[in-house]
Amino acid sequence: TEEEYYLVVNAGNIDKDWDWISKHNTGGVEMLNMSDNMSLLAVQGPNAIKVLQKLTDVNLSEMEYYTFKIGTMAGKANTIISTIN
(Lines give C-alpha, C1' and ligand atoms only; values in the text may rest on other atoms or scores of the structure.)
Protein backbone atom coordinates (compact mmCIF):
# COMPACT_ATOMS: atom_id res chain seq x y z
CA THR A 1 0.00 0.00 0.00
CA GLU A 2 1.06 3.62 -0.04
CA GLU A 3 1.85 3.41 3.66
CA GLU A 4 3.27 -0.10 3.99
CA TYR A 5 6.54 -1.54 2.68
CA TYR A 6 8.41 -4.83 2.87
CA LEU A 7 12.17 -4.80 2.81
CA VAL A 8 13.94 -8.08 2.14
CA VAL A 9 17.59 -8.22 3.11
CA ASN A 10 20.17 -10.97 2.96
CA ALA A 11 19.70 -13.17 6.03
CA GLY A 12 23.34 -12.71 7.02
CA ASN A 13 22.81 -8.95 7.22
CA ILE A 14 19.56 -8.75 9.18
CA ASP A 15 21.00 -7.20 12.33
CA LYS A 16 23.37 -4.86 10.50
CA ASP A 17 20.65 -3.64 8.11
CA TRP A 18 18.06 -3.32 10.89
CA ASP A 19 20.45 -1.20 12.93
CA TRP A 20 21.21 1.06 9.94
CA ILE A 21 17.54 1.52 9.03
CA SER A 22 16.60 2.18 12.67
CA LYS A 23 19.35 4.78 12.99
CA HIS A 24 18.10 6.58 9.86
CA ASN A 25 14.39 6.39 10.74
CA THR A 26 14.10 10.10 11.49
CA GLY A 27 10.42 10.24 10.60
CA GLY A 28 9.21 8.02 13.42
CA VAL A 29 8.05 5.31 11.02
CA GLU A 30 6.74 2.20 12.81
CA MET A 31 9.04 -0.69 11.99
CA LEU A 32 8.55 -4.39 12.57
CA ASN A 33 11.30 -6.94 12.12
CA MET A 34 9.44 -10.01 10.88
CA SER A 35 12.58 -11.95 9.96
CA ASP A 36 12.04 -14.79 12.44
CA ASN A 37 8.48 -15.33 11.13
CA MET A 38 9.19 -15.40 7.40
CA SER A 39 11.29 -17.20 4.87
CA LEU A 40 12.33 -16.65 1.29
CA LEU A 41 12.64 -19.23 -1.46
CA ALA A 42 14.22 -17.91 -4.65
CA VAL A 43 13.78 -20.15 -7.68
CA GLN A 44 15.82 -19.09 -10.68
CA GLY A 45 16.56 -20.33 -14.15
CA PRO A 46 14.87 -20.81 -17.50
CA ASN A 47 12.33 -23.33 -16.15
CA ALA A 48 11.44 -21.50 -12.92
CA ILE A 49 8.00 -20.31 -14.07
CA LYS A 50 7.15 -23.68 -15.61
CA VAL A 51 8.06 -25.53 -12.41
CA LEU A 52 6.41 -23.07 -10.00
CA GLN A 53 3.22 -22.62 -12.05
CA LYS A 54 2.16 -26.11 -11.02
CA LEU A 55 2.12 -24.94 -7.39
CA THR A 56 -0.05 -21.82 -7.70
CA ASP A 57 -3.17 -20.47 -9.39
CA VAL A 58 -1.49 -17.07 -9.87
CA ASN A 59 -0.58 -16.76 -13.55
CA LEU A 60 3.17 -16.28 -13.21
CA SER A 61 3.84 -15.67 -16.90
CA GLU A 62 1.48 -12.65 -16.87
CA MET A 63 3.17 -10.93 -13.93
CA GLU A 64 4.93 -7.70 -14.86
CA TYR A 65 8.57 -6.88 -14.18
CA TYR A 66 9.33 -6.32 -10.47
CA THR A 67 5.79 -6.89 -9.22
CA PHE A 68 4.20 -9.15 -6.65
CA LYS A 69 0.86 -10.74 -5.88
CA ILE A 70 -0.54 -12.31 -2.76
CA GLY A 71 -1.72 -15.84 -3.47
CA THR A 72 -1.47 -19.49 -2.57
CA MET A 73 1.81 -21.27 -3.26
CA ALA A 74 2.19 -24.98 -2.58
CA GLY A 75 -0.94 -24.91 -0.41
CA LYS A 76 0.22 -21.94 1.70
CA ALA A 77 -2.26 -19.06 1.52
CA ASN A 78 -1.21 -15.39 1.78
CA THR A 79 2.15 -16.03 0.14
CA ILE A 80 3.94 -13.08 -1.43
CA ILE A 81 4.80 -14.20 -4.96
CA SER A 82 7.27 -11.90 -6.64
CA THR A 83 8.96 -11.80 -10.02
CA ILE A 84 11.82 -10.06 -11.75
CA ASN A 85 10.87 -11.35 -15.19
Side-chain angles (χ1 to χ4, degrees):
T1 69
E2 290 184 23
E3 297 181 9
E4 187 173 80
Y5 296 88
Y6 280 101
L7 177 64
V8 179
V9 300
N10 181 291
N13 294 322
I14 292 170
D15 292 333
K16 180 184 78 154
D17 289 346
W18 181 263
D19 291 343
W20 189 91
I21 294 166
S22 296
K23 178 181 174 184
H24 291 86
N25 180 10
T26 59
V29 173
E30 178 185 3
M31 296 173 31
L32 300 171
N33 186 340
M34 303 290 292
S35 300
D36 290 339
N37 301 317
M38 296 190 167
S39 61
L40 168 73
L41 173 66
V43 180
Q44 303 174 8
N47 293 318
I49 289 176
K50 186 170 107 175
V51 170
L52 292 174
Q53 189 60 72
K54 299 172 186 176
L55 302 174
T56 184
D57 58 354
V58 172
N59 190 330
L60 302 175
S61 63
E62 290 183 359
M63 291 182 67
E64 295 182 25
Y65 187 69
Y66 273 102
T67 60
F68 74 94
K69 293 186 177 185
I70 307 293
T72 299
M73 176 63 75
K76 290 291 196 182
N78 296 315
T79 301
I80 300 170
I81 303 167
S82 180
T83 182
I84 58 169
N85 272 352

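Predicted model, so just to flag it, every value in this text is computed and none were measured.
Residues meeting the side-chain contact (heavy atoms from CB on, under 4.5 Å) test with Lys16, sequence neighbours left out: Asn13. For Ser35, the side-chain hydrogen bond (donor to acceptor under 3.5 Å, both in side chains) partners are Asn33, not counting sequence neighbours.
Considering only heavy atoms from C-beta on, Thr72 stays 4.5 Å or farther from Thr79 through its side chain. A 4.5 Å side-chain heavy-atom check between Trp18 and Met31 finds at least one atom pair inside the cut-off. With a 4.5 Å cut-off on side-chain heavy atoms, Ile81 and Leu60 count as touching.
With hydrophobic clusters built from ILVMFWY side chains whose heavy atoms lie under 4.5 angstrom apart, Tyr66 does not share a cluster with Phe68. In the hydrophobic cluster analysis, where Ile, Leu, Val, Met, Phe, Trp and Tyr join through side-chain heavy atoms closer than 4.5 angstrom, Val58 is grouped apart from Ile80. Trp20 and Leu7 fall within the same hydrophobic cluster, defined by Ile, Leu, Val, Met, Phe, Trp and Tyr side-chain heavy atoms under 4.5 Å apart, directly or through other members. Under a hydrophobic clustering in which Ile, Leu, Val, Met, Phe, Trp and Tyr are joined whenever their side-chain heavy atoms come within less than 4.5 Å, directly or via other members, Tyr6 and Leu32 fall into the same cluster.
Atom-to-atom distance recorded for Asp57:CG and Met73:CE is 9.5 Å, nearest 0.5 angstrom. The line from CD of Glu64 to CD of Glu62 is 10.0 Å long, rounded to the nearest 0.5 Å. Expressed to the nearest 0.5 Å, how far CD of Glu4 lies from CD of Glu30 amounts to 9.5 Å.
The number of heavy-atom neighbours closer than 6.0 Å to CG of Asn10, taken from other residues, nucleotides and ligands shown, is above 12.
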Atom pairs and distances, side-chain donor-acceptor, residues 38-48, under 3.5 Å, sequence neighbours left out:
none

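Met63 and Lys69 make their closest contact through CE-N, 3.9 Å (heavy atoms, listed as atom of the first residue, atom of the second, distance).
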Side chain to side chain contact (heavy atoms under 4.5 Å, CB included) between Asn59 and Gln53, worked out: CA-CA 7 Å; Asn59 190 330; Gln53 189 60 72; 4.1 Å; yes
